[in-house]
S.K.: 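The structure's right below; bear with me while I get my questions together.
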Amino acid sequence: MSLLDDLADVGRAPGGGYARHGFDHAEAEMRDWFREQAGRRGLDVETDRNGNLWAWWGAPGPDALVTGSHLDSVPGGGAFDGPLGVASALEAVSRLQDRKFRPARPFAVVVFAEEEGGRFGVPCLGSRLLTGALDPDRARALRDPDGMTLAEAAGRAGVDPRHFGRDDAGLERIGTFVELHVEQGRALDVPVGVGSTVLEHGRWRFSFTGQGNHAGTTVLRDRRDPMLPAAEVVLAARRIASTMDAHATVGRLVPRPGGTNVIPSTVDLWLDARGNSRDVVAELAEAAERAAAAEGCTVTVTEESYGDTVTFDPALRDRLTGLLNAPELPTGAGHDAAILAAHVPTAMLYVRNPTGISHAPDEFAEDADVEEGVVALARVLETLST
Ligand code: HGY
Ligand code: MN
Ligand code: MN
């Protein structure tokens with residue numbers, strides 16, 4: 001899709017894929033692209049109190065039909081996760097305008113802020129703030145890996161963090177939300193599927209504290225090396241998840257100070273657990289305590305985000321599977337749609353990803369399937385707009 005081609009060089013990550021994170025320069029470039037594309041379609045763009053972008057086709061109003069997704073990525077993420085939903089929404093608007101369609105209800109394309117939590121650690125940041133699922137004071141104090149607070153980053157991006165918080169007026173304007181997204185697995189054997197559920201999932205920070213020391217002069221019996229219990233927890237996460245039919249991932253581990261010849265003082269690791277996640281974390285925390293004690297270290301475990309299993313609106317789901325003659329698709333990936341689902345009738349459309357890979361540069365969707373996704377979305381929006 002040419003709209004996606006526009007973004008091909010925005011926020012490329014040195015190691016491959018993309019690095020477009022909440023309120024950073026690359027994401028600001030993505031936002032500028034969105035504003036320009038929305039303007040070309042006669043959509044009026046506003047930024048809400050939480051940094052989400054809303055492009056209105058006609059006057060904002062109650063019971064609006066809203067579609068969209070996010071533009072930020074995970075570190076090293078693929079080209080489709082997020083931008084495909086936004087680009088497809090813009091393209092669907094073009095198709096509807098080309099056939100002289102005018103929505104009979106308020107209509108908006110939305111871009112939610114920091115859906116991946118790739119910079120400040122809390123996923124679906126913009127939709128969680130909008131719905132009141134994230135405390136604004138906690139949000140303002142979130143820090144990125146360089147220590148900058150979300151409040152400062154948002155302020156630099158022109159979003160006043162003092163206004164963060166549940167946006168009842170904004171929420172009440174949404175009548176129905178439909179998000180198109182690239183599939184993040186390999187279950188679809190047709191171009192388009194309709195979302196059924198989102199697997200429960202959460203993120204926990206394990207912080208190990210030991211004694212920083214010299215790598216050469218500190219004899220083994222004197223060491224209190226937090227890297228050891230951290231390493232045991234990484235392996236235990238997989239072992240415990242396999243006994244509970246759950247998913248557990250440690251994708252981020254930070255020793256401090258991080259010198260090659262330095263026994264670290266602390267090691268932080270973040271666990272992403274999905275499906276029975278609370279059972280996984282409970283057992284893993286016990287293993288962490290034992291491993292830390294064995295090395296004379298301490299450990300704290302902090303929940304940073306959690307979302308229960310979400311079932312999308314069954315009547316809307318069935319209406320769309322019938323309209324599109326498309327299969328239902330459960331997913332293990334979180335989405336803003338899953339946050340909104342607690343407040344408004346919500347649906348998701350998925351576009352086939354033949355590699356099944358996501359959150360990595362190999363994430364892919366064939367042009368023909370992307371086109372099928374746009375046609376399906378336009379059809380859904382036309383049907384739901386009348
Ligand atoms: O992490 C997720 O499941 C989503 O891609 N944000
Ligand atoms: Mn993602
Ligand atoms: Mn996504």
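Values reported hereafter were calculated over all heavy atoms of this structure, with side chains retained and with hydrogens, waters and symmetry mates removed. Just so you know, ligand 1 is whichever comes first in the structure, and atom 1 is the first atom listed for that ligand.
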S.K.: Check His70 and report its N/O/S atom nearest to the Mn ion (ligand 3), by atom name.
M.R.: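 Result: NE2.
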S.K.: Using atom types as modelled, flag every donor-acceptor pair under 3.5 Å from a side chain in residues 311-319 to any protein atom, sequence neighbours excluded.
M.R.:
from: Asp313; atom 1: OD1; to: Ala315; atom 2: N; distance (Å): 3.2
from: Asp313; atom 1: OD1; to: Leu316; atom 2: N; distance (Å): 2.8
from: Arg317; atom 1: NE; to: Glu328; atom 2: OE2; distance (Å): 3.4

S.K.: If the test is side-chain contact (heavy atoms from CB on, under 4.5 Å), which one of Leu253, Val254, Val250 qualifies with Trp270?
M.R.: Val254
S.K.: Donor-acceptor pairs are to be reported for all side-chain atoms of residues 348-358 against protein atoms at under 3.5 Å, with residues two or more places apart or in another chain.
M.R.:
from: Arg352; atom 1: NE; to: Asp369; atom 2: OD2; distance (Å): 2.7
from: Arg352; atom 1: NH1; to: Asp189; atom 2: O; distance (Å): 3.1
from: Arg352; atom 1: NH2; to: Asp369; atom 2: OD1; distance (Å): 3.0
from: Arg352; atom 1: NH2; to: Asp369; atom 2: OD2; distance (Å): 3.2
from: Asn353; atom 1: OD1; to: Thr355; atom 2: N; distance (Å): 3.0
from: Asn353; atom 1: OD1; to: Thr355; atom 2: OG1; distance (Å): 2.7
from: Asn353; atom 1: OD1; to: Gly356; atom 2: N; distance (Å): 3.0
from: Asn353; atom 1: ND2; to: Glu183; atom 2: O; distance (Å): 3.1
from: Asn353; atom 1: ND2; to: Ile357; atom 2: O; distance (Å): 2.8
from: Thr355; atom 1: OG1; to: Ile357; atom 2: N; distance (Å): 2.9
from: Thr355; atom 1: OG1; to: Asp362; atom 2: O; distance (Å): 3.3
from: Ser358; atom 1: OG; to: Gln184; atom 2: NE2; distance (Å): 3.0
from: Ser358; atom 1: OG; to: Glu363; atom 2: OE2; distance (Å): 2.5

S.K.: Which residue, Asn52, Val159, Val111, forms the side-chain contact (heavy atoms from CB on, under 4.5 Å) with Thr47?
M.R.: Val159
S.K.: Are Asp98 and Arg95 within salt-bridge range, i.e. N to O under 4.0 Å?
M.R.: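 Salt bridge between Asp98 and Arg95, a charged N being under 4.0 Å from a carboxylate O: no.
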S.K.: Return yes when atom CZ of Arg138 has more than 12 non-hydrogen atoms of other residues, nucleotides or ligands closer than 6.0 Å, and no otherwise.
M.R.: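 It does: Arg138 CZ has more than 12 such atoms within range.
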S.K.: Find, among atoms of Glu116 that are N, O or S, the one nearest to the Mn ion (ligand 2), and state its name.
M.R.: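 Output for this pair reads OE2.
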S.K.: Check ligand 1 for close polar pairs with the protein: N or O on both sides, less than 3.5 Å.
M.R.:
from: ligand 1; atom 1: 1 (O); to: Arg274; atom 2: NH2; distance (Å): 2.9
from: ligand 1; atom 1: 3 (O); to: Arg274; atom 2: NH1; distance (Å): 2.6
from: ligand 1; atom 1: 3 (O); to: Arg274; atom 2: NH2; distance (Å): 3.2
from: ligand 1; atom 1: 3 (O); to: Gly334; atom 2: N; distance (Å): 2.7
from: ligand 1; atom 1: 5 (O); to: Glu116; atom 2: OE1; distance (Å): 3.3
from: ligand 1; atom 1: 5 (O); to: His359; atom 2: NE2; distance (Å): 2.9
from: ligand 1; atom 1: 6 (N); to: Glu115; atom 2: OE1; distance (Å): 3.2
from: ligand 1; atom 1: 6 (N); to: Glu115; atom 2: OE2; distance (Å): 2.9
from: ligand 1; atom 1: 6 (N); to: Glu116; atom 2: OE1; distance (Å): 2.9

S.K.: Who pairs with Phe34 by ring-ring contact (aromatic ring centres under 6.0 Å, His included), at least two apart in sequence or on another chain?
M.R.: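 Testing Phe34 for ring-ring contact (aromatic ring centres under 6.0 Å, His included), a comparison that skips the adjacent residues, returns none.
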S.K.: Kindly confirm whether the Mn ion (ligand 3) is within less than 2.8 Å of some N/O/S atom in Asp81?
M.R.: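 Given the 2.8 Å cut-off, Asp81 counts as a ligand of the Mn ion (ligand 3).
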